[in-house]
2 protein chains.
Amino acid sequence: MQTVDEILRIKKVKITAVRTVVLRHLLSQEKAQSLKDIENALVHTDRSSIFRTLKTFEENKVIHSIEDGSGMVKYAVCAKGCNCEPKDLHYHFYCNNCNKTFCLFDVPFQNIELPENFKIQQANMVIKGLCSDCNH
Amino acid sequence: MQTVDEILRIKKVKITAVRTVVLRHLLSQEKAQSLKDIENALVHTDRSSIFRTLKTFEENKVIHSIEDGSGMVKYAVCAKGCNCEPKDLHYHFYCNNCNKTFCLFDVPFQNIELPENFKIQQANMVIKGLCSDCNH
DNA sequence: CTTTTGCTGCAACTTAATTGCAAAGATTAA
DNA sequence: TTAATCTTTGCAATTAAGTTGCAGCAAAAG
Ligand SMILES: [Mn+2]
Ligand SMILES: [Mn+2]
Ligand SMILES: [Zn+2]
Ligand SMILES: [Zn+2]
């Protein structure tokens, strides 16, 4: 696992106190985090600073966002080498029971046969159901 | 194409003026519609009535919702026979240029190999890119 | 006809997301 | 080192989507 500083250096994002603490938090969680989640975890850091940090991270491919239908956009750290291109696409899983959302990096992403002349650039793929912890 | 009244009768949703006009509007559009879209189109119909109509439609599988990342939930009429079950899943396409979102009913939905013990119940699959009209 | 139930319109509210602005901090130029 | 410039941060305020309470109206049931 890369360190916070390594990631920011590679993605050419200047290291600051807020960025360090936000990225450290995201890395420490196995599930994707909403702005509210981060706000609650980092009680001493201002919401708008976190918000702008997330925008900066997303622009620079440090993280990617997921709309899982919970009403809040979630954020997860990109995998090493990810450039947020079609080849980096992966599914996400939202558990209807425990409400966790996470990246399914290990599930192969199937090539989708789009209609003539359509061009894929990104995707937001969210599978909803029960995770292994909740499926009894 | 089924008529508004046929659809509502089959889905056991009582026919009312607001429901008729909302469903007629959804059927007349080739792209998925947000609450705001519908509100703008139906200037004489109250927003909260449209909102509650959409909830009723969704509960009764008349329509399904799509989160395409535009910040507004979009709604599209379900295909004939759809019961909003895993077998009815399909991809959606959001055009980054013309901002239209629509159902790709004709693109086969590939079965996804989930990790051990995961159970799929629904999905929100949105492919983003350029539609054939905008891909030049 | 009377009662009950559901639908609608209006206004108000909630909350996630976003922005303006000024102070603080960091970087660059002199 | 100092001055000028650019970036980041915190705070307060705003925006906008979504949601709800309530009263009046209409349809359905008794
Ligand atoms: Mn992911
Ligand atoms: Mn659809
Ligand atoms: Zn779970
Ligand atoms: Zn287009």
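Convention: sequence-line order gives letters A, B, ...; per-chain numbering from 1.
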Take atom CD of B:E39 and atom C1' of C:dC10, then tell me their distance rounded to the nearest Å. 13 Å

Could you check whether the side chain of A:R52 and the base of D:dG10 have a donor-acceptor pair of N or O atoms closer than 3.5 Å, going by distance alone? yes

Tell me: CG of B:L8 to P of D:dA27, nearest whole Å? 16 Å

From the list C:dG9, C:dA17, D:dG18, which nucleotide is the closest neighbour of the side chain of A:V73? C:dA17

Calculate the interatomic distance between A:F51 atom CZ and D:dA16 atom P; express it in whole Å. 14 Å

Expressed in angstrom and rounded to an integer, what is the separation of A:I50 atom CD1 from C:dT18 atom C1'? 14 Å

Quick one: is C:dT5 close enough that its OP1 or OP2 comes under 4.0 Å of any side-chain N or O from B:K14? no

Salt bridge between A:K74 and A:E67, side-chain N to carboxylate O under 4.0 Å? no

Can a side chain N or O of A:T16 be found less than 4.0 Å away from OP1 or OP2 on D:dT9? yes

Does OP1 or OP2 of D:dT8 have a side-chain N or O of A:R19 closer than 4.0 Å? yes

Distance-only donor-acceptor test (3.5 Å): side chain A:S48, base D:dC11: yes

Where do A:H25 and A:Q33 land on the side-chain hydrogen bond (donor to acceptor under 3.5 Å, both in side chains) test, with the steps shown first? CA-CA 9 Å; A:H25 175 73; A:Q33 300 284 294; 2.8 Å; yes

Separation of B:L54 atom CG from C:dC7 atom P, in whole Å? 14 Å

Go through the steps to decide whether A:N135 and A:S132 satisfy the test side-chain hydrogen bond (donor to acceptor under 3.5 Å, both in side chains), and finish with yes or no. CA-CA 5 Å; A:N135 183 21; A:S132 54; over 6 Å; no

Just to verify, which of A:N124, A:T101, A:N99 counts as forming a side-chain hydrogen bond (donor to acceptor under 3.5 Å, both in side chains) with A:D68? A:T101

Between atom CZ of A:F57 and atom CG of A:L23, what is the distance when rounded to the nearest 0.5 Å? 5.0 Å

Closest to the side chain of B:R47, out of D:dG18, C:dA17, D:dC11, is D:dG18

Without decimals, in angstroms, what is the distance between B:D46 CG and D:dG18 P? 15 Å

Measuring to OP1 and OP2 of D:dT19, would you say a side-chain N or O of B:K55 lies under 4.0 angstrom away? yes

Rounded off to whole Å, could you give me the CD-to-C1' distance for the A:E59 and C:dT18 pair? 14 Å

B:D37 has an atom CG; how far is it from atom C1' of D:dA17, in whole Å? 13 Å

